[in-house]
Protein chains: 2
Amino acid sequence: MRQVTIYDIAKEAEVSISTVSRVINDTAPVKGSTRAKIEELIQKYNFQPNAMARGLLKNETGIIGVIVPDLTNPFFPEVLAGVEHEAMQSGHTFLLSNTIGDYAKESEYLSIMREKRVDGIIFMGGRINLKHCEEHLAQELVQFANVIPTVLVNGGLRGTDLIRVAADESAGTALAVQHLIELGHTGIGFIGGEVHMTTTSIKLRAFRKAMKDGGLKVREEWMLPDSFSIDSGKRQMHHLLAMKERPTAVFCVNDYTAIGAIKAATEAGLSIPDDMSVVGFDDIPLAHHFIPELTTVSQQANELGKTAVNVLKAMMNKEKVKKLTTLEPQLIVRQSARSPRK
Amino acid sequence: MRQVTIYDIAKEAEVSISTVSRVINDTAPVKGSTRAKIEELIQKYNFQPNAMARGLLKNETGIIGVIVPDLTNPFFPEVLAGVEHEAMQSGHTFLLSNTIGDYAKESEYLSIMREKRVDGIIFMGGRINLKHCEEHLAQELVQFANVIPTVLVNGGLRGTDLIRVAADESAGTALAVQHLIELGHTGIGFIGGEVHMTTTSIKLRAFRKAMKDGGLKVREEWMLPDSFSIDSGKRQMHHLLAMKERPTAVFCVNDYTAIGAIKAATEAGLSIPDDMSVVGFDDIPLAHHFIPELTTVSQQANELGKTAVNVLKAMMNKEKVKKLTTLEPQLIVRQSARSPRK
DNA sequence: CTGAAAGCGCTAACAA
DNA sequence: TTGTTAGCGCTTTCAG
């Protein structure tokens, strides 16, 4: 089914294609009667100009590429919602790619996005979360960013000056740990995350600092990174429960691991928060509805998405933008943490 | 930053652009030495052909449009993951739109997708879930589908013969209710959903039928539709708890309402499933990790996404496809439902 | 094996 | 106010 083109409209209206183009884009005055006739025809055939043809000429697509590591982790849809809201304002749509942390897939998508000539991309997860990113992966992204406006969300590439938007995870961690300390906890554990990823090492460092600032000692055997899944939270809580001495509270790198930890503790007969306090990170929508409701740290995922788009738009307009835009996390106090039993 | 074109390559290689095109697409034999030179240049400049130019010519974009109602409901990311997996196989990418159930937004996105000349779309939620869809909304979609291959997921438009892929929600509901009946429940309530939406009316009807088949009477005051949110689940459970006579089990239209219902009951001092059984629908990832773990019905969201793409691809290849492809739901027995107390 | 040329659908000078 | 024309970057005959 061939779609109708500007030629079809022009022919039937007995004008040139330029005139049709003019009424479509309202780019120059057109006589009322011809305009009316053309508009009627556009209506009649439900004509939509071909974005590829236009894009080819104007060298833009109206498409923003978004690369996320894991759509099934509710944090990302939340960011996406923010991205979409903001993108829509300016008539941008977005091309989505789920990389499941596979670097090859990231490369592939990067390549596709270049072919498609997206107007800009927002990159999350994968290589930009690595403490030590392989040189060729880093270079690939740098080269990409040389050609297409790029913003990295919650990550970065050391030694490069790619534009970044990030929540201050260090401050967020401090908030959580301080809360636990104020509640009276003295033995606090750390669960989840992967040590080779910056999002974890940042939290690890902030955790140690907050403990020290609070006059507390960190017990190395209670430092239990693993991964970001619910199961890893469970696993490490089991681990903890098997010890003769346990912390009275744990900080988890995200809400998933916190949920896992609570699950494992509950199954083992503990009551959260009476027998142990747990705080999470991210404030996913379910945190509010879990039993018990999760005390956690909000990264303002939605805001993060909006901000990323706005920075990206500024770049697309060739405006000057800050290398790093930081969002302040907030502590969300709910039910999963309270003062320890005497 | 102008990107390099096929002309740049041709010039430097001292050949015509046709030859370059040939090596890119491997569409005709090219002398080894020239091919080598060209490939080297492509490498050197990191040349990527402009997809718009190619698309304009071949009249295809390699893009699949996906319209979803609510990204923050975990059911949809799950479907998307399936969509993506399958789309990738054939080199397709996807444009995503979140409509938050806003019909105007649906229209807008439909229009954008036509402009962008996507190769096909997958439509979920919104108008195709309405029991009575306004004529102009229906017509808009029908016209769209006339021009661009379209598959509707878990919905439809009565009176039209648009291609559909859907989980058998009726069978799924029966599975859940039968399970409850086998467990020994005789008083069963129904929570959540909106009566003007087919996904709800289908479940409502199947619920009534299953009750009847099981020799049970449905109590109208226990039929409590509302919406699909966690809060609506809470609200209706409160409602139920305030009655002098209550059911011993409730069927919820989705896992969100089930979670809400459990939450409200727990807060009111009941213990689930000891004091009341609850079954959900969808089997979102968290169903497995909630406390208690949710007994629910899986719609095979991931499979739904894959199937939709495969049907769509068949349509794009002008193959004949079935009007309706059905997926069988499965009962997932976990902890939130058990036999009632004597 | 390779080049010339037409054309995909549209916009934007430049004339008229 | 309108038409003519030259591309945007690429693929694909059709001739060599």
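Lettering follows sequence order; numbering is per chain, from 1.
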Checklist entry - How far apart are the C-alpha atoms of S90(A) and K313(A), what are their side-chain angles, what is the distance that settles it, and do they pass the side chain to side chain donor-acceptor pair (under 3.5 Å) test? => result CA-CA 9 Å; S90(A) 47; K313(A) 282 195 208 165; 3.1 Å; yes

Would you tabulate the side-chain donor-acceptor contacts of residues 125-137 of chain A under 3.5 Å, counting partners in other chains and residues two or more places apart, or write 'none'?
residue : atom : partner : partner atom : Å
R127(A) : NE   : E106(A) : OE1          : 2.6
R127(A) : NH1  : L137(A) : O            : 2.9
R127(A) : NH1  : E140(A) : OE1          : 2.7
R127(A) : NH2  : Y103(A) : O            : 3.3
R127(A) : NH2  : E106(A) : OE1          : 3.4
R127(A) : NH2  : S107(A) : OG           : 3.2
R127(A) : NH2  : E140(A) : OE1          : 3.3
E134(A) : OE1  : H136(A) : ND1          : 3.3
E135(A) : OE2  : Q139(A) : NE2          : 3.4

Sub-4.5 Å side-chain heavy-atom contact between [X] and [Y]:
| X | Y | answer |
| --- | --- | --- |
| L96(A) | L80(A) | yes |
| T61(A) | K116(A) | no |
| I64(B) | I121(B) | no |

Checklist entry - Residues in salt bridge (Lys or Arg N to Asp or Glu O under 4.0 Å) with E12(B), at least two apart? => result K44(B)

Distance-only criterion, 3.5 Å: show the donor-acceptor pairs between side-chain atoms of residues 65-79 of chain A and protein atoms not counting sequence neighbours.
residue : atom : partner : partner atom : Å
D70(A)  : OD1  : T72(A)  : N            : 3.0
D70(A)  : OD1  : T72(A)  : OG1          : 2.7
N73(A)  : OD1  : F75(A)  : N            : 3.0

Item to check | Five-pair end axes of the helix from dC1(C)-dG16(D) to dA16(C)-dT1(D) and the angle they enclose, rounded to 10° | outcome: 40°

Checklist outcome for this item: Ordered by number, residues from residues 109-116 of chain A within less than 4.0 Å of DNA chain C (heavy atoms) are none

Item to check | With sequence neighbours excluded, residues passing side-chain hydrogen bond (donor to acceptor under 3.5 Å, both in side chains) with T160(A) | outcome: none

Checklist entry - Looking at residues at least two apart in the chain, or sitting in another chain, which of them share a side-chain hydrogen bond (donor to acceptor under 3.5 Å, both in side chains) with T99(B)? => result none

Next on the checklist: Taking atom CD as the centre, does Q43(B) end up with more than 12 heavy-atom neighbours from other residues, nucleotides or ligands that are less than 6.0 angstrom away?
Outcome noted: no

Checklist entry - On DNA chain D, nearest-nucleotide positions of A28(A) versus S18(B): which is more 5'? => result A28(A)

Checklist entry - Which value, rounded to the nearest 0.5 Å, describes the distance between K37(A) atom NZ and E39(A) atom CD? => result 13.0 Å

Checklist entry - When you measure from the side chain of R114(B) to the backbone N and O of S111(B), does any donor-acceptor pair fall under 3.5 Å? => result no

Pick out the pairs of N or O atoms, protein on one side and nucleotides 6-10 of chain C on the other, that lie under 3.5 Å.
residue : atom : partner : partner atom : Å
dG9(C)  : N2   : A53(A)  : O            : 3.2
dC10(C) : OP1  : N50(A)  : N            : 3.0
dC10(C) : OP2  : I6(A)   : N            : 2.4
dC10(C) : N4   : Y7(A)   : OH           : 3.2

Checklist entry - Using a heavy-atom cut-off of 4.0 Å to chain A, what are the terminal contacting nucleotides of DNA chain D, in 5' to 3' order? => result dT1(D) to dG9(D)

Distances under 3.5 Å between protein N/O atoms and the N/O atoms of nucleotides 14-16 of chain C, please, pair by pair.
none

Next on the checklist: Ignoring hydrogens, what is the shortest heavy-atom contact between M113(B) and S97(B)? Give both atom names and the distance.
Outcome noted: CE-OG, 3.1 Å

Checklist outcome for this item: For residues 50-65 of chain B, the salt bridge (charged side-chain N to carboxylate O under 4.0 Å, His left out) pairs (sequence neighbours left out) are none

Please tabulate, one pair per line, all N/O donor-acceptor pairs under 3.5 Å involving side-chain atoms of residues 29-36 of chain A, not counting sequence neighbours.
residue : atom : partner : partner atom : Å
T34(A)  : OG1  : K31(A)  : O            : 2.8
R35(A)  : NH2  : D26(A)  : OD1          : 3.1

Item to check | Base dA12(C) paired with T27(A) side chain (donor-acceptor, <3.5 Å) | outcome: no

